[in-house]
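A, B, ... follow the sequence lines: proteins, then strands. Residue 1 opens every chain. Here the structure is a predicted model, which is why all the values come from computation and not from measurement.
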Amino acid sequence: MKEINLYNTLTKKIEPFVANEVGKVKMYTCGPTVYHFAHIGNLRSYIMEDVLEKSFRYAGYDVKRVMNITDVGHLSSDADSGEDKMLMGAKREHKSVMEIAAFYRDAFFEDCRKLNIKTPDVVEPATNCIPEFIKMIEKLIETGYAYTAGGNVYFDTEKLERYYVLSNQNEEELMVGARDDVEEDINKKNKTDFVLWFTKSKFDDQELKWESPWGTGYPGWHIECSAISIKHLGEQLDIHCGGIDNVFPHHTNEIAQSEAYLGHKWCNYWFHVLHLNDNTGKMSKSKGDFLTVSLLERKGYHPLVYRLFCLQSHYRKPLVFSYDVLDNVKATYEKLVKKIASLGESGELENERMAEYREAFAGALGNDINTSQALTVVYDVLKADLNDASKRALLNEFDAVLSLDLTKETESEEVDVRLAAYVEEMIEKRKIARKEKDFARADAIRDELLQKGIEIKDTREGTTWSLLS
RNA sequence: GGCGACUUAGCCAAGUGGUAAGGCACGGGACUGCAACUCCCUGAUCACCGGUUCAAAUCCGAUAGUCGCCUCCA
């Protein structure tokens with residue numbers, strides 16, 4: 001097992017990762033609220049969490065990873081006035097909530113597939129776990145950590161010795177109206193209390209409702225993650241991941257309710273990915289326009305170019321998106337893949353000398369998932385005094401974590417036979433023209449092909465052609 | 001108002017006390033009818049000020065700028 005050092009939001013320090021159970025990592029990820037497409041900022045988190053998971057596996061750990069799908073209860077505000085995001089999505093598209101959930105869940109995993117993000121071992125929709133939520137809330141009421149008011153069930157943050165474990169907030173200084181569209185919920189005893197179960201939502205058209213001891217209603221957002229994590233990973237969690245914005249209140253509330261419920265410490269490490277910004281600030285779905293993977297594809301960027309864009313930076317740094325930088329990364333990616341493709345297969349594996357690079361790569365990952373440094377090791381390998389077979393083998397191992405399809409055989413696309421024949425004929429004509437030094441004609445042929453989306457290149461071995469994507 | 005993060009060449013970025021990795025772009029060169037590809041060469045004293053130290057991009061303090069969170073958000 002190789003050592004992994006991680007920044008822990010809980011302690012605000014980089015510390016060596018020590019699992020509860022030797023060699024095993026129990027990992028939980030806050031999944032998407034499936035009311036709309038994911039934008040590339042959302043996906044930055046999932047890419048970096050994917051790298052984290054794969055880094056653990058590379059280091060020799062056995063990982064069990066769980067992710068929820070929020071398909072109910074995520075309101076636009078935690079106050080009772082908040083509107084359910086799922087319902088907003090359904091109204092917007094004149095569909096049922098279940099249709100919306102299914103559609104955007106599929107879209108999310110399709111984006112993940114394109115970005116080589118591994119699907120977690122367990123993916124659990126919140127609506128599958130209503131009995132677990134109810135069980136947990138019942139115990140919290142029994143033990144005095146929760147109360148009912150105005151028909152809803154609230155968590156009583158005053159009962160905790162320490163509520164702000166992740167962030168150094170001061171209750172007196174909290175501004176409830178920091179966002180001006182948020183109304184204060186008058187049922188709460190403390191302004192940091194949060195809803196565990198809703199029955200009195202003023203939105204009577206809420207489609208999804210369940211029976212509960214407190215009346216027909218639906219669960220709050222925070223309870224989902226706690227209950228789903230405990231359901232699949234038990235009472236001890238090694239690491240919990242999410243976007244930085246979840247530190248407060250979502251993760252703070254998760255800790256509050258989970259530890260109140262369990263009666264002991266719950267999760268040792270908290271991993272948070274910083275945001276992707278654009279030049280106007282944070283990317284946000286509620287701003288209107290947002291960037292999606294398919295939009296990048298339509299603009300001619302392979303999704304893995306975006307993955308590389310993320311890996312080039314560090315997960316704990318704010319990253320600013322721009323097409324200029326993406327163009328840069330696109331060139332980097334294409335050069336890198338081409339260079340690797342030109343490696344031969346010859347030679348016996350030089351395991352002794354490969355060890356140095358394996359260590360450097362593992363060291364970069366173990367250094368708080370320093371992906372930028374890990375990429376440098378890729379370049380070091382390419383320049384190393386190793387035979388091609390050894391280089392290939394190393395890059396193949398590294399790609400288990402980087403997942404950039406570095407060594408993937410570029411499968412020759414099925415090309416229409418007649419098109420191929422036509423292109424070959426044109427190339428032959430151009431060859432003759434070039435021989436006769438009729439370069440105007442040669443260039444005309446090249447332009448004609450280019451207009452049809454075919455690019456030709458003259459190499460020492462002759463002229464090659466490819467379809468432009 | 002409170003809490004927190006960041007600031008290294010045109011851009012991305014490594015660096016966790018011993019005198020600045022890597023990548024992309026630009027420029028120069030080789031190759032080429034030209035172009036593309038490929039190969040070679042080329043650049044910074046680390047936001048600013050002060051301090052600690054034999055030694056600081058790296059530690060401490062102050063200043064400035066950028067950004068995030070403070071119940072929509074990954």
Side-chain angles (χ1 to χ4, degrees), chain A residues 9 12 14 29-33 35 38-49 74-79 82-83 85 88 164 167-179 181-185 188 191-195 221-222 241-250 252-253 272-277 281-287 308-309 312-314 316-320 322 324-336 338-339 342 364 367-368 370-380 383 434 437-440 442-443 446 455-460 464:
Chain A
T9 310
K12 304 199 172 32
I14 294 179
T29 305
C30 285
T33 302
Y35 67 109
H39 66 240
I40 60 174
N42 300 133
L43 290 161
R44 179 189 187 196
S45 290
Y46 295 105
I47 288 171
M48 299 319 293
E49 289 157 5
H74 194 167
L75 308 189
S76 56
S77 154
D78 259 5
E83 193 170 359
K85 284 166 169 282
M88 288 162 73
Y164 295 106
S167 54
N168 293 321
Q169 304 279 357
N170 173 349
E171 170 135 11
E172 301 307 312
E173 301 291 349
L174 272 185
M175 292 171 79
V176 165
R179 260 174 49 227
D181 56 335
V182 172
E183 296 168 36
E184 195 164 359
D185 182 345
K188 291 181 183 182
K191 57 185 169 185
T192 50
D193 291 356
F194 52 94
V195 178
W221 176 38
H222 311 298
C241 321
I244 188 71
D245 54 292
N246 284 143
V247 169
F248 186 84
H250 184 51
T252 303
N253 290 349
H272 291 108
V273 180
L274 266 79
H275 281 151
L276 180 73
N277 302 314
K282 186 174 67 163
M283 252 178 222
S284 164
K285 286 179 203 175
S286 41
K287 268 192 198 165
L308 179 59
F309 176 94
Q312 238 185 21
S313 184
H314 189 255
R316 261 182 327 107
K317 268 192 165 182
L319 185 56
V320 178
S322 75
D324 281 350
V325 177
L326 197 63
D327 284 336
N328 236 321
V329 178
K330 184 182 178 184
T332 305
Y333 183 67
E334 285 168 0
K335 277 193 163 185
L336 182 59
K338 193 175 283 184
K339 193 170 279 185
S342 71
N367 180 19
D368 197 24
N370 193 329
T371 46
S372 173
Q373 204 171 41
L375 285 167
T376 298
V377 181
V378 168
Y379 283 95
D380 290 342
K383 283 185 289 194
R434 291 176 73 202
K437 306 258 185 225
D438 185 356
F439 298 122
D443 290 349
R446 181 165 63 193
E455 188 178 42
I456 60 179
K457 285 173 187 170
D458 300 321
T459 69
R460 286 178 191 180
T464 61

G2(B) to U8(B) separation - P atoms, rounded to the nearest Å: 27 Å
Polar side-chain contact S372(A)-A14(B) base: donor and acceptor under 3.5 Å: no
Sugar-phosphate only, base, or nothing, as touched by D380(A) at under 4.0 Å among non-hydrogen atoms: nothing
Atom-pair distance (OH on Y333(A); C1' on C24(B)), nearest Å: 16 Å
Touch class at under 4.0 angstrom, heavy-atom based, for G242(A) against every strand present: sugar-phosphate
SB check D443(A) R446(A) (cutoff 4.0 Å): yes
Proximal nucleotide (of G68(B), G33(B), G23(B)) relative to the R434(A) side chain: G33(B)
Closest listed nucleotide, where the reference is the side chain of Q373(A) and the choices are A5(B), C24(B), G15(B): G15(B)
Interatomic spacing from OG in S45(A) to NE2 in H272(A) - rounded to 0.5 Å: 9.5 Å
side-chain N/O S313(A) vs A13(B) OP1/OP2, d < 4.0 Å: yes
Span that lies between the C1' atom of G43(B) and that of C59(B), in whole angstrom: 30 Å
Nearest non-hydrogen partners of R44(A) and L274(A), listed with the distance: NH1-O, 2.9 Å
Between NZ on residue K317(A) and OG on residue S372(A), distance to nearest 0.5 Å: 8.0 Å
Whole-Å P distance, U38(B) and C11(B): 24 Å
Spacing between F309(A) atom CZ and C12(B) atom P, to the nearest angstrom: 9 Å
Sugar-phosphate, base or nothing in reach of V325(A), heavy atoms under 4.0 Å: sugar-phosphate
For C49(B), the Watson-Crick or wobble partner whose two distances fall under 3.5 Å: G61(B)
Counterpart base for C3(B), defined by Watson-Crick or G-U wobble contacts under 3.5 Å: G68(B)
Sugar-phosphate, base or nothing in reach of D324(A), heavy atoms under 4.0 Å: nothing
Distance, nearest 0.5 Å, that separates CZ of F194(A) from OG1 of T252(A): 9.5 Å
Interatomic distance, D368(A) CG vs A13(B) P [rounded to whole Å]: 15 Å
C12(B) phosphate, OP1 or OP2, under 4.0 Å from K317(A) side-chain N/O: no
C1'-based separation of A56(B) from G18(B) [nearest Å]: 9 Å
Options G33(B), A25(B), U38(B), nucleotide nearest the side-chain atoms of N328(A): A25(B)
Residue F248(A), side-chain heavy atoms: nucleotide from C69(B), A21(B), G15(B) that is nearest: C69(B)
Touch class at under 4.0 angstrom, heavy-atom based, for F439(A) against every strand present: base
Sugar-phosphate only, base, or nothing, as touched by K330(A) at under 4.0 Å among non-hydrogen atoms: nothing
From H39(A) atom NE2 to L276(A) atom CG, the distance as rounded to the nearest 0.5 Å: 7.0 Å
Minimum-distance nucleotide (side-chain atoms of D443(A) versus G33(B), U16(B), C12(B)): G33(B)
Closest listed nucleotide, where the reference is the side chain of L319(A) and the choices are G33(B), C39(B), C12(B): C12(B)
Residue N277(A), side-chain heavy atoms: nucleotide from G15(B), G68(B), C34(B) that is nearest: G68(B)
Nearest-Å distance for atom pair CG/C1', residues D245(A) and C3(B): 16 Å
Span that lies between the P atom of U53(B) and that of U66(B), in whole angstrom: 35 Å
Pairing nucleotide - U32(B), Watson-Crick or G-U, each distance under 3.5 Å: none
Presence of K338(A) side-chain N/O under 4.0 Å of A36(B) phosphate oxygens OP1/OP2: no
Residue A331(A), side-chain atoms from C-beta onward, closest of G22(B), G33(B), A25(B): A25(B)
Atom-pair distance (CG on L336(A); P on C37(B)), nearest Å: 16 Å
Residue N370(A), side-chain atoms from C-beta onward, closest of C24(B), G15(B), G33(B): G15(B)
Atom P, compared across U42(B) and G17(B): separation rounded to whole Å: 30 Å
d(NZ, K335(A); P, C40(B)) in whole Å: 10 Å
Separation of G33(B) P from I456(A) CD1 (nearest whole Å): 14 Å
Comparing I14(A) and R316(A) on RNA chain B - which has the more 5′ nearest nucleotide: R316(A)
Aromatic ring pairing H222(A)/H250(A), orientation class (parallel under 30°, perpendicular over 60°, tilted between): tilted
From T332(A), I47(A), N328(A), L326(A), residue fulfilling side-chain contact (heavy atoms from CB on, under 4.5 Å) relative to F309(A): L326(A)
Residue whose closest nucleotide on RNA chain B lies nearer the 5' end, Y379(A) versus E334(A): Y379(A)
H275(A) NE2 to G4(B) C1', straight-line distance once rounded to whole Å: 14 Å
4.5 Å side-chain heavy-atom contact, L308(A) and L375(A): yes
Quiz item: R446(A) side-chain donor-acceptor pair to A35(B) base, under 3.5 Å: yes
Atom P, compared across C26(B) and A36(B): separation rounded to whole Å: 10 Å
Whole-Å C1' distance, A47(B) and U7(B): 6 Å
Watson-Crick or G-U counterpart of C11(B), or none if no pair lies under 3.5 Å: G23(B)
